[in-house]
Protein chains: 2
Amino acid sequence: MPVAELLPITDVSAAACCAPLTKQAIAPSDAETVARALKALADPARVRIVSIVASHVGQEACVCDLQEPLGLSQPTVSHHLKVLMEAGFLTRSKRGTWAYYALVPGSLDKIADLLRTV
Amino acid sequence: MPVAELLPITDVSAAACCAPLTKQAIAPSDAETVARALKALADPARVRIVSIVASHVGQEACVCDLQEPLGLSQPTVSHHLKVLMEAGFLTRSKRGTWAYYALVPGSLDKIADLLRTV
DNA sequence: TGTCTATATTGACGAACGTCGATGTTCGGG
DNA sequence: CCCGAACATCGACGTTCGTCAATATAGACA
C-alpha cells in the first residue's frame with residue numbers, strides 16, 4: 001500500500017509563518033486507512049487479545065482462551081474479535097464447536113512500518 | 001518501557017481446546033498504555049497532522065500550516081493538537097503570536113516497536 | 001491604550017464506541 | 001432426534017469522541 005501519494009498542495013504564497021516542506025504529507029485517503037487500522041487496535045482489550053493470541057503456539061487461540069484472562073463477557077469478546085478480523089489482524093477457522101482465531105502474519109509489522117513512514 | 005511483563009496466568013488444567021503458551025502475554029496495564037497511545041493516532045485528521053508536521057523542515061509547523069489542508073475549523077485543529085501533545089507525539093513552542101508544534105523525535109518509532117513486540 | 005491577529009478554551013450536539021443480557025445458531029454426543 | 005456446549009448476533013444503555021460556533025486569552029504594533 002502506498003503511503004506517500006499525491007496530495008493537493010495548495011499555493012504556498014501566503015503566510016509568513018509557514019515553513020517549507022521536505023516531503024509530501026500522507027494522502028487523506030491513506031490517512032483514513034491508517035487511522036482505521038489503528039482504531040482497531042486502540043483498545044486495551046483488543047491489544048491484549050492480539051497479544052494473547054500471539055502468545056499461543058501457532059499464534060492461534062479460541063474464544064475460551066480469551067474470555068477468562070480478559071474478564072469480559074463472551075459477547076464482548078466476540079465483538080472485539082470481529083473488529084480485529086475486519087481490520088485484517090486476525091483470521092477465524094472453526095473446528096468443531098470451537099472457533100480458533102489466528103494472528104495474520106505480518107499484519108502488525110505492516111501497520112508498524114506505516115507508522116514509521118507517516 | 002517493559003512490554004512483556006508478569007501476567008497472572010490462571011491454572012491451565014481445564015479446557016480441552018486451549019493451546020499451550022510460547023511466551024507471556026502483555027500485562028493489562030501495558031496494554032492500556034499502548035491503547036492510549038494508539039487512540040491518539042487513531043483518527044484521520046491526527047494522522048494527517050503528524051504527517052504534515054513531519055513533512056516540514058525541522059519537523060515543526062504552526063496551526064496556520066494545518067488548518068487549510070485539513071479543512072477543519074481552527075478550534076478543531078487546536079483540539080487535535082492538544083490530544084497529540086498529551087500523548088507525547090508533539091511539543092509546542094510559542095514564538096510571537098504563532099504556536100509551533102514539533103514532532104517528538106522517536107515517538108513514532110517507539111509506538112511502532114511496541115506494536116511489533118505485542 | 002487600543003486594535004488586530006493567532007491560538008486556546010468552553011459548551012453543546014450528534015455519532016460512534018464498549019459493554020452487557022437475552023436470544024439465535026451451529027456442532028457433537030447420547 | 002434432542003440436549004448441551006461454544007460462539008455469534010441483536011438490542012439497549014451509558015460513555016467517549018469529533019466537530020463547530022462563540023468566547024476568552026495573549027502577543028504585536030500603532
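Chain letters run A, B, ... following the sequence lines, proteins first, then strands; residues in each count from 1.
- Applying the 4.0 Å criterion to OP1 and OP2 of C:dA6, one finds that B:T97 has every side-chain N and O outside that range.
- In this entry the distance linking CG of B:L66 with C1' of D:dT19 reads 17 Å, nearest Å.
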For nucleotides 12-19 of chain C, give me every protein contact, N/O to N/O, under 3.5 Å, one pair per line with atom names.
unit_1	atom_1	unit_2	atom_2	d
C:dG18	OP1	A:D43	OD1	3.4
C:dG18	OP1	A:R46	NH2	2.8
C:dG18	OP2	A:R46	NH1	3.3
C:dT19	OP2	A:H80	NE2	2.3

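- Under the side chain to side chain donor-acceptor pair (under 3.5 Å) criterion, the residue pairs touching residues 38-47 of chain B are B:R46-B:H80, with sequence neighbours excluded.
- We find the CH2-SG distance between B:W98 and B:C64 to be 7.5 Å, quoted to the nearest 0.5 Å.
- Straight-line distance from the CD atom of A:E32 to the C1' atom of D:dG18: 13 Å, rounded to whole Å.
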N/O donor-acceptor pairs under 3.5 Å from side chains in residues 84-94 of chain B, not counting sequence neighbours:
none

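- Rounded to whole Å, the distance from OH on A:Y100 to P on C:dC27 is 15 Å.
- Between B:D113 and A:R116 a salt bridge is recorded (basic side-chain N to carboxylate O distance below 4.0 Å).
- Of the candidate nucleotides C:dT9, C:dA8, D:dC7, C:dA8 has the atom lying nearest to any side-chain atom of B:V63.
- Residues passing the side-chain hydrogen bond (donor to acceptor under 3.5 Å, both in side chains) test with A:T76, sequence neighbours excluded: A:S73.
- For A:L38 and D:dC17, the CG to C1' distance is 16 Å, given to the nearest whole Å.
- Across the protein-nucleic acid pair, B:Q67 atom CD and D:dA21 atom P stand 11 Å apart, rounded to whole Å.
- For D:dA8, the base has a donor-acceptor partner in the side chain of A:Q74 [N/O atoms by modelled type, under 3.5 angstrom].
- Contact annotation: B:R92 does not reach the phosphate of C:dT7 (side-chain N/O to OP1 or OP2, under 4.0 Å).
- When rounded to the nearest whole Å, the span between NZ of A:K94 and P of D:dC7 equals 8 Å.
- Every residue two or more places apart in sequence or in another chain was checked for a side chain to side chain contact (heavy atoms under 4.5 Å, CB included) with A:T97, and none qualifies.
- Not a single side-chain hydrogen bond (donor to acceptor under 3.5 Å, both in side chains) links A:S107 to another residue, sequence neighbours left out.
- The side chain of A:C64 lies closest to D:dC7 when the candidates are D:dC7, C:dT7, C:dG28.
- Note on B:Y101: every side-chain N or O is 4.0 Å or more away from OP1 and OP2 of C:dA6.
- Using a 4.0 Å heavy-atom criterion, one finds that B:R95 contacts no nucleic acid atom at all.
- Summarising the geometry, the separation between NZ on B:K82 and P on D:dG18 is reported as 14 Å, rounded to the nearest angstrom.
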